[in-house]
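Following: one structure in structure tokens, then a few remarks.
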Amino acid sequence: MTELSATTVSNEPIPSAADYPGLDAWRDLPAVQQPTWADSAVFRSSVDELAALPPLVFAGEVDLLRGRLAEAAQGKAFLLQGGDCAETFDGATADKISARVRTILQMAVVLTYGASLPVTKMGRMAGQFAKPRSSNDETRGDVTLPAYRGDMVNGYDFTPGSRAHDAARMVRAYHTSASTLNLIRAFTQGGFADLPLVHHWNKGFMANPAHSRYESLAREIDRAVKFMDACGADFDALKRVEFFASHEALVLDYERALTRIDSRTGLPYDTSGHFLWIGERTRQLDGAHVDFLSRVRNPIGVKLGPGSSADDALRLIDKLDPQREPGRLTFITRMGAGNIREKLPALLEKVTASGAQVLWVTGPMHGNTVTSPNGYKTRNFDDVIDEVRGFFEVHKGLGTFPGGLHVEMTGDDVAECLGGADPIDQEAFGVRYESVCDPRLNHMQSPEMAFLVAGALARKGA
């Protein structure tokens, strides 16, 4: 297939996604972590409905994001990607969505100042409804049921009916994503993202005495905001922001059903989200996920754990980014604090030597997951920060650009990750642990991470 650039208009008749060459090649390849739908008639009806519904995002928005990520890959911008480990249908309320967006905007203001670079803002939102699992089943006592795989697939309640894989949930995921995107667009274009307002939220964060060590940077940001106000700065960039949606492209039936052919170019776009990533468990070179995502024009991410080799990375580039297009491919490293300084250099050196311009992003959450003494899955804030520091140190040593931060976080007052300047201890888990999958940074730990990363970015630019 000859690939056209995003700005080229084809004179050939535009096929539908149903008969576009190669889009269904993945069906003949190994596809791991996929649901086993309980009712084939419901599955067919659900897929047909999804294929007929309007796109959730538009090709032009996807192209815009690819350009923004290209700038980050070239050291001219920084990516901030954050949100829930796994969204839930019940959690898609206006209050929870606004709190998450607010926290990401708070972090972005701090990072923008620290990096002296534009920060592209992206949520793990409006589609993060499916999760890979280490086991197909879960056993409680003498009862074994299918594992919870996210609200797109089944329910969290430990009952046979809830845990059955129900394809109708894909349609509900679509509509919940549409509602979430509508609200995000209203927030980010309607005054919610106004810089003085976001800065005021960070002042609230600084009011906590536990965060006094960030006072110097906060004062610098405050002076900058006041300076712009005194100068009468009143342009749209201070009031509105671009905000993109991303999720792990896990359930291939859903992703394929939402793939559309762009009328401008005749090329396929997965319109379920702007940015899609392939997880550590699904990045097999001969697997269905890599094949399918190699055929759509969305920017693609791949998670790389401590077992990833440089050869793995180079083969993924050949498959997913054969044209070596800046902004097309992002590597999200999730090595763990104890591995990042040892494992990352070889990957960076060989990929850089190959000439590929991938965007390197740190995902410091998954590699630092532990079980607390009282039995909760958690992460230590200090370990998460240490992995981020290691990521920056390795890039500095090799002269490459640390282009982004990918975190599981929430805008709510949860207690799921241990530590922080205003510390969370395990005793709080019994009251404020809300995640259905993995622990997230809360609304105070997330801005604290931004202040720490901003300090590292500022030192890098000094």
Side-chain angles (χ1 to χ4, degrees), residues 82-104 106-107 123-125 128-135 137-141 143 145-159 162-163 176 180 205 208 210-211 247-248 334 336-337 363-387 406-450:
D84 273 332
C85 165
E87 293 178 283
T88 63
F89 297 151
D90 289 343
T93 66
D95 287 346
K96 287 186 177 295
I97 293 167
S98 65
R100 211 173 310 143
V101 172
R102 181 180 66 236
T103 304
I104 292 172
Q106 285 180 256
M107 297 173 72
R124 288 174 56 112
M125 300 174 68
Q128 185 58 15
F129 290 108
K131 290 292 292 182
R133 304 315 300 259
S134 56
S135 173
D137 300 313
E138 179 184 355
T139 299
R140 300 184 188 179
V143 178
L145 294 174
Y148 172 65
R149 289 187 171 273
D151 276 14
M152 182 184 288
V153 177
N154 57 358
Y156 186 71
D157 292 342
F158 195 71
T159 65
S162 174
R163 291 296 178 92
T176 307
T180 301
F205 167 82
N208 187 327
H211 303 136
H247 63 268
E248 180 175 357
R334 40 162 292 176
M365 304 294 286
H366 281 96
N368 296 298
T369 304
V370 296
T371 301
S372 67
N374 60 349
Y376 286 83
K377 185 189 289 188
T378 188
R379 289 146 181 170
N380 287 288
F381 185 79
D382 287 348
D383 292 339
V384 171
I385 294 301
D386 188 47
E387 179 160 356
H406 179 130
V407 291
E408 291 175 312
M409 45 71 64
T410 177
D412 301 325
D413 184 26
V414 301
E416 295 171 2
C417 290
L418 295 164
D422 188 10
I424 297 293
D425 61 33
Q426 66 171 348
E427 301 309 316
F429 291 168
V431 179
R432 293 158 51 204
Y433 196 107
E434 298 180 7
S435 175
V436 295
C437 280
D438 292 331
R440 306 159 294 173
L441 300 178
N442 66 25
H443 73 120
M444 298 298 273
Q445 292 167 325
S446 300
E448 181 176 1
M449 170 178 275

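Since we're looking at a predicted model, the values are computed, not measured.
To the nearest 0.5 Å, atom CG of residue Asn380 and atom CG of residue Asp386 are 11.0 Å apart. In this structure, CG in Leu418 is found 4.0 Å from CZ in Phe429, a value given to the nearest 0.5 Å. Residue Thr369 holds its OG1 atom at 6.5 Å from NZ of Lys377, rounded to the nearest 0.5 Å. In this structure, the separation between CZ on Arg163 and CZ on Arg149 is 11.0 Å, given to the nearest 0.5 Å. For the atom pair Ser446 OG and Phe381 CZ, the distance stands at 8.0 Å (nearest 0.5 Å). Taken to the nearest 0.5 Å, the CD atom of Gln445 stands 9.5 Å off from the CD1 atom of Ile385.
Closest heavy-atom contact between Val436 and Tyr148: CG2-CE2, 3.7 Å. The shortest heavy-atom contact between Pro364 and Val384 is CB-O, 3.5 Å. Contact between Pro439 and Thr378 at its shortest, heavy atoms only, is CG-CA, 3.5 Å.
You'll find the side chain of Gln426 stays beyond 4.5 Å of the side chain of Tyr433, heavy atoms only. Here the side chains of Gln106 and His443 are not in contact, with every heavy-atom distance at 4.5 Å or above. In this structure the side chain of Tyr156 never reaches within 4.5 angstrom of the side chain of Thr88, judged on heavy atoms. The closest side-chain heavy-atom distance from Glu448 to Phe205 is below 4.5 Å. Side-chain contact between Pro447 and His211 is absent, with no heavy-atom pair separated by less than 4.5 Å. For the pair Thr176/Glu87, no side-chain contact is recorded, criterion being any heavy-atom separation below 4.5 Å from C-beta on.
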**Request:** Decide side chain to side chain contact (heavy atoms under 4.5 Å, CB included) for Thr410 and Glu434; before the verdict, give the C-alpha distance in whole Å, the side-chain angles of both, and the deciding distance to 0.1 Å.
**Result:** CA-CA 10 Å; Thr410 177; Glu434 298 180 7; over 6 Å; no

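Results of the salt bridge (Lys or Arg N to Asp or Glu O under 4.0 Å) test with Arg379 over Glu408, Glu387, Glu416 single out Glu408 as the only residue that passes. Of the options Leu441, Asp438, Asp383, a side chain to side chain contact (heavy atoms under 4.5 Å, CB included) to Met365 is made by Leu441 and by none of the others. The side chain to side chain contact (heavy atoms under 4.5 Å, CB included) test with Met409 is passed by exactly one of Val414, Thr103, Asn442, Asp84: Thr103.
No salt bridge links Arg133 with Glu138; every basic N to acidic carboxylate O contact stays at or beyond 4.0 Å.
For the 3.5 Å distance criterion, the side chains of His406 and Arg334 fail to qualify, holding no donor opposite an acceptor. Using modelled atom types, one finds a donor on one side chain and an acceptor on the other under 3.5 Å when comparing Ser372 with Asn374.
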